[in-house]
2 protein chains.
Amino acid sequence: MRTAERTADGEGMPWGEVTPEAARRLLVAAVEAFAERGYHATTTRDIASRAGMSPAALYIHYKTKEELLHRISRIGHDKALKILTAAADREGTAAERLTDAVRSFVGWHAARHTTARVVQYELDALADEHRAEIVELRRRSDATVRRILQDGVRDGEFDVPDVPGTTLAVLSLCIDVARWFNAQGRRTPGEVGTLYADLVLRMVVAREGPPPSAGSEGQK
Amino acid sequence: MRTAERTADGEGMPWGEVTPEAARRLLVAAVEAFAERGYHATTTRDIASRAGMSPAALYIHYKTKEELLHRISRIGHDKALKILTAAADREGTAAERLTDAVRSFVGWHAARHTTARVVQYELDALADEHRAEIVELRRRSDATVRRILQDGVRDGEFDVPDVPGTTLAVLSLCIDVARWFNAQGRRTPGEVGTLYADLVLRMVVAREGPPPSAGSEGQK
DNA sequence: CCCGAAGGTGAGCAAGCGCTTAGGTCTGCG
DNA sequence: CGCAGACCTAAGCGCTTGCTCACCTTCGGG
C-alpha cells in the first residue's frame, strides 16, 4: 500500500506532491501567511513559527523566500490549468463545456481561496524568470477558454462579437472570486460556481435557438 | 481668476484637491510606486526620490507612510462612488442607468488603472480604523449597483434570480479591470467600458421584451 | 559501537527599513 | 534690515529583515 504515492499529484490531499513532510508544513504555513498579509509583509520568521520551527529551518528546504512563492504559484497554476482543460476537452456542446469550466474553476477559487489569493495576486513578487514561466501557464488558460468560446460561435450556440475581450472578462470574473470569497459567508463554493456559470452563459449565448448546423452570419 | 479652486474637487486635474503642491507631488509619486511594486515593497525613500525630494521631506506633509495610502484610498473611493451614484441617479430605464454605470466605472478603472490598482488592492495595508472607513464607502457602492438591479427587476426589464450575488459579480468584474488593464494594450478605456457594459447587460436582461407595466411571471 | 548523512537549532550579521532631529535656506512683512 | 515661519536636507537612530553558520540530535547500516 502506498497511500502517499496515491496522492502524489495533489489529487487527494491539496499539497500532497510536496514531498518532505517538513517542507510541506512550511509551504502550507507560507500560503496562509501570504494570503493573510501579502508576500512582502510576511517574514520568514512568521512562516517558520507557523510551521512550528525555528527561522533557520526554512532554508534547509528552500533557498529563498521567493522560491517558496514560486513553488506555490507553480503548483496552483498547474491545478487551475488542469481544471480548465478538463472541462474544455470533455464531450458536449460549447455551452455545457463552458458551464463546466466556469463552475469548477470558480469552485476551486472559492473553496481554496487562500491558495488562489496567493497564486493570482502575488505574481509581481516573483523573480523575472519565474514570473515568465507562470505567465506562460496563464496564456494557456486564456487559450483554453477562448477555444470554448470560438467553438460556440462556430456552432451558432454563442453570439460573441469580441472573443478575446470576452475571454479576458470571463477569466477576470472567475479569478476575482479569490479576492472577495469568505468562508464564513452565506454562499458555499458550489453555489458561487453555479451562480457564476449561469451569469457567464448569459454573457455569450445567442438570443435565438441554437441550431447545430447553421452557417449564417446573422447581423445581430 | 482662481484656476486652482476650479479643480479643487479633482474634476479637472486628477489630484487637484491635494493642496500644497509638494504634498501632491509626493502623493502622485506614492501612487506610482504603490501601483508598481505594492505598498509593502515600496520604501519611503523611493517615494521621496520619485518626487525629487529627500527622504525626510515626506514627513513634513504626512505623518506616516500609511497616511499616504489612506489619503489615496479615500480620494479614489470617493471618486468611484461618485461615478456610480451619478449613473444610478440619472433619469432613464434601469438598463440605461446600468449601462452608464458600468461604462463610466470601468472607464475610470482602465484610464486611471494606476490609481485604481492601489485603491482596490491595497486595502489590507490600511490601519484598522482607516480600513473601516473605506469599507463603508464600498458598502455604499454595492448598495448603489444593487438598487439599479432591483429597479430593473421591479420594472420587468431584468431577470436576476440572485440580486446580491449578481451585484457582487458585476462590481468584481469592473474592479478587476484595474489589475489587468495595460495602457500599451490594444484597447482604449472607452472600448473596454463599452464591451463591459454590453456583457453586464446581457447578464441581467430578461429574455422577453421589456414591458414597462406587465405584472406577469411568464417563464418563456 | 561507531559513523556519516539528514534535519534541526541559537545566535547573529549586514543591509535596509520607517521615522526623527538638528540645522540650513528661502520668502513675505513690519 | 531683522526675523518668524514654512519648507527642506544631512545624518543617523533603533529596529527588523532575509539569510548564514557553527553546532547539536537522531538514526539506519557496516
Side-chain angles (χ1 to χ4, degrees), chain A residues 2 4 15 17-73 118 122-131, chain B residues 2 4 15 18-73 118 122 124-131:
Chain A
R2 10 191 181 147
W15 299 107
E17 65 265 66
V18 183
T19 38
E21 196 246 342
R24 177 166 56 238
R25 262 164 49 218
L26 283 163
L27 191 136
V28 169
V31 168
E32 288 171 10
F34 291 164
E36 265 179 40
R37 314 207 210 298
Y39 175 80
H40 288 294
T42 299
T43 69
T44 55
R45 284 164 176 81
D46 183 23
I47 298 170
S49 93
R50 279 176 195 249
M53 293 170 170
S54 81
L58 195 151
Y59 294 91
I60 295 167
H61 300 282
Y62 302 95
K63 250 188 298 185
T64 63
K65 180 175 126 176
E66 193 267 349
E67 190 194 323
L68 252 174
L69 177 64
H70 174 232
R71 285 269 248 274
I72 293 166
S73 198
V118 179
E122 299 285 359
L123 281 188
D124 295 345
L126 288 171
D128 286 347
E129 43 178 339
H130 291 160
R131 184 171 44 244
Chain B
R2 10 191 179 146
W15 299 106
V18 184
T19 38
E21 196 246 343
R24 178 166 56 239
R25 262 164 50 217
L26 283 163
L27 190 136
V28 169
V31 168
E32 287 172 10
F34 291 164
E36 265 180 40
R37 314 205 210 298
Y39 174 80
H40 287 293
T42 299
T43 69
T44 55
R45 286 163 176 82
D46 183 24
I47 297 169
S49 92
R50 280 176 193 249
M53 293 170 170
S54 82
L58 194 151
Y59 294 92
I60 295 167
H61 300 281
Y62 302 96
K63 250 189 298 185
T64 63
K65 178 174 123 175
E66 192 267 347
E67 190 195 322
L68 253 173
L69 177 64
H70 175 231
R71 285 268 248 274
I72 293 166
S73 198
V118 178
E122 300 285 358
D124 296 345
L126 288 171
D128 286 348
E129 44 178 338
H130 290 161
R131 185 172 42 246

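This one's a predicted model, so the numbers in the text were calculated from it and none came from an experiment. In what follows, every chain begins at residue 1, and chains take the letters A, B, ... in the order their sequences are listed.
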Inset, instruction - Drop me the distance from A/Leu26's CG to A/Met53's CE, to the nearest 0.5 angstrom. - result: 4.5 Å
Legend entry - From A/Glu32 atom CD to A/Ile47 atom CD1, the distance as rounded to the nearest 0.5 Å: 11.0 Å
Measure from the side-chain N and O atoms of [X] to the backbone N and O of [Y], and report whether any donor-acceptor pair falls under 3.5 Å.
X       : Y        : value
A/Tyr62 : A/Ala23  : yes
B/Glu66 : B/Ala127 : yes
B/Lys65 : B/Thr42  : yes

Given atom [atom1] of [X] and atom [atom2] of [N], what is their separation to the nearest angstrom?
X       : N      : atom1 : atom2 : value
B/Tyr59 : C/dC17 : OH    : P     : 11 Å
A/Glu21 : C/dA6  : CD    : P     : 18 Å
B/Ile47 : D/dC8  : CD1   : C1'   : 17 Å
A/Tyr62 : D/dT20 : OH    : C1'   : 19 Å
A/Ile60 : D/dA22 : CD1   : P     : 15 Å
B/Met53 : D/dA10 : CE    : P     : 13 Å
A/Leu58 : C/dG8  : CG    : C1'   : 13 Å
B/His40 : D/dT16 : NE2   : P     : 16 Å

Legend entry - B/Gly52 vs A/Lys65, nearer the 5' end of DNA chain D by closest nucleotide: B/Gly52
Inset, instruction - State whether B/His61 places a side-chain N or O below 4.0 Å from either non-bridging phosphate oxygen (OP1 or OP2) of D/dA6. - result: no
Legend entry - Donor/acceptor link under 3.5 angstrom from B/Arg45 side chain onto base of C/dG18: yes
Inset, instruction - Compare the minimum distances between each of D/dT20, D/dT9, C/dG18 and the side chain of B/Ala56, then state the nucleotide with the smallest one. - result: D/dT9
Legend entry - B/Thr44 side chain, from C-beta outward: closest of C/dC19, C/dG8, D/dT9: C/dC19
Inset, instruction - Have a look at B/Thr43 and say if it touches a base, only the backbone sugar-phosphate, or nothing, with a 4.0 Å heavy-atom cut-off. - result: sugar-phosphate
